[in-house]
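Quick note: residue numbers are just sequence positions, from 1.
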Amino acid sequence: MKATGIVRRIDELGRVVIPKEIRRTLRIKEGDPLEIFTDRDELMLKKYSPIATLDRFSKATARSLNDLSGKLAVICDTDGILHAVGEGRKELDGQSLSEEMDKILRERRSYIASAAEGGDILPITNGREEGITAQIIVPIVSGGDCLGAVAVLSKEEGAKMEAADMNLARLTADILANQFE
């Protein structure tokens, strides 16, 4: 654990203000849920990710999506990539999401693009992954809240996403969302 040197007092209602710099660094936005942990005399706050609680299930889901589509399958929460399965997964695993992905999640809209058809390929992560030629991104929405997204990506030259790929991505997002209802 890293000390920040910042000290805050608890108010009469038990509230503590998390400094803006720390919220920005940890990508904590207004309304984000935080999980509280204690260990003896220590108190820790962690940004809560409902999708991360389904770790084994979401990993198996990504694997199945990859098996059925034959393309790179990605499951992410609202901060970063949780699971990537398929060719190119190593450059995505554990990366934080790009601003473009943040916008898709905020707007709760699906996105499909193919470079072969003149579409704009959006970066998934801040790492600016190379070679993606076609993509489908489907937000995972449960109870009106966006919990993350499912993405199907291709690195094949001239790749185009088919209706079956979109249906698989939507089905995967629905299955994950239904785990929270």
Practice prompt. Report the C-alpha separation of L147 and L176 in whole Å, then their side-chain angles, then the decisive distance to 0.1 Å, and conclude whether the side-chain contact (heavy atoms from CB on, under 4.5 Å) test is met.
Written response: CA-CA 9 Å; L147 307 176; L176 288 168; over 6 Å; no
Would the distance check show the side chain of [X] and the main-chain N or O of [Y] forming a donor-acceptor pair, the cut-off being under 3.5 Å?
{"X": "T78", "Y": "G148", "answer": "no"}
{"X": "D165", "Y": "L168", "answer": "no"}
{"X": "H83", "Y": "D55", "answer": "yes"}
{"X": "S114", "Y": "A159", "answer": "yes"}
{"X": "R89", "Y": "E87", "answer": "no"}
{"X": "Q135", "Y": "L122", "answer": "yes"}
{"X": "N178", "Y": "D174", "answer": "yes"}
{"X": "T125", "Y": "L97", "answer": "no"}
{"X": "R23", "Y": "I18", "answer": "yes"}

Worksheet item: Are R27 and D102 close enough, and set up right, to give a side-chain contact (heavy atoms from CB on, under 4.5 Å), and what steps lead you there?
Response: CA-CA 11 Å; R27 298 173 57 123; D102 282 342; 2.9 Å; yes
Worksheet item: Can a donor-acceptor pair be found between the side chains of N126 and S96 at a distance below 3.5 Å?
Response: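 The criterion, which ignores hydrogens and geometry beyond distance, is satisfied for S96 and N126.
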State yes or no: do [X] and [Y] share one hydrophobic cluster built from I, L, V, M, F, W and Y residues joined by side-chain heavy-atom distances below 4.5 Å, directly or via other members?
{"X": "I10", "Y": "M44", "answer": "no"}
{"X": "V141", "Y": "F180", "answer": "no"}
{"X": "L68", "Y": "V152", "answer": "yes"}
{"X": "V17", "Y": "I22", "answer": "no"}

Worksheet item: side-chain contact (heavy atoms from CB on, under 4.5 Å) between N66 and K71: does it pass, once the steps are laid out?
Response: CA-CA 5 Å; N66 169 257; K71 297 175 175 68; 5.8 Å; no
To the nearest 0.5 Å, what is the distance between [atom1] on [X] and [atom2] on [Y]?
{"X": "S58", "Y": "L65", "atom1": "OG", "atom2": "CG", "answer": "12.0 Å"}
{"X": "L171", "Y": "S64", "atom1": "CG", "atom2": "OG", "answer": "10.5 Å"}
{"X": "T25", "Y": "E21", "atom1": "OG1", "atom2": "CD", "answer": "8.0 Å"}
{"X": "L153", "Y": "I121", "atom1": "CG", "atom2": "CD1", "answer": "8.5 Å"}
{"X": "I140", "Y": "C146", "atom1": "CD1", "atom2": "SG", "answer": "7.5 Å"}
{"X": "C76", "Y": "I124", "atom1": "SG", "atom2": "CD1", "answer": "7.5 Å"}

Worksheet item: Does K20 come within less than 4.0 Å of E30, counting only side-chain N to carboxylate O?
Response: no
Contact summary for [X] and [Y], nearest pair of heavy atoms:
{"X": "A149", "Y": "L105", "answer": "CB-CD2, 3.6 Å"}
{"X": "E162", "Y": "I136", "answer": "O-CD1, 4.4 Å"}
{"X": "V74", "Y": "I81", "answer": "CG1-CD1, 3.5 Å"}
{"X": "V85", "Y": "A62", "answer": "CG2-CB, 3.9 Å"}
{"X": "A84", "Y": "D93", "answer": "N-OD1, 3.4 Å"}
{"X": "M166", "Y": "V138", "answer": "SD-CG2, 4.0 Å"}

If you draw a 6.0 Å radius around [atom1] in [X], do more than 12 non-hydrogen atoms from other residues or ligands fall strictly inside?
{"X": "E107", "atom1": "CD", "value": "yes"}
{"X": "K59", "atom1": "NZ", "value": "no"}
{"X": "I6", "atom1": "CD1", "value": "yes"}

Any side-chain heavy atom of [X] within less than 4.5 Å of one from [Y]?
{"X": "T172", "Y": "I75", "value": "yes"}
{"X": "I104", "Y": "P139", "value": "yes"}
{"X": "P123", "Y": "M101", "value": "no"}

Discussion item. Using side-chain contact (heavy atoms from CB on, under 4.5 Å), reason through F57 and I175 one step at a time and then give a plain yes or no.
Written reply: CA-CA 10 Å; F57 182 74; I175 289 169; 3.7 Å; yes
Pair up each side-chain donor or acceptor in residues 32-40 with any protein partner under 3.5 Å, not counting sequence neighbours, and list the distances.
unit_1: D32; atom_1: OD2; unit_2: K29; atom_2: N; d: 2.6
unit_1: D32; atom_1: OD2; unit_2: K47; atom_2: NZ; d: 3.1

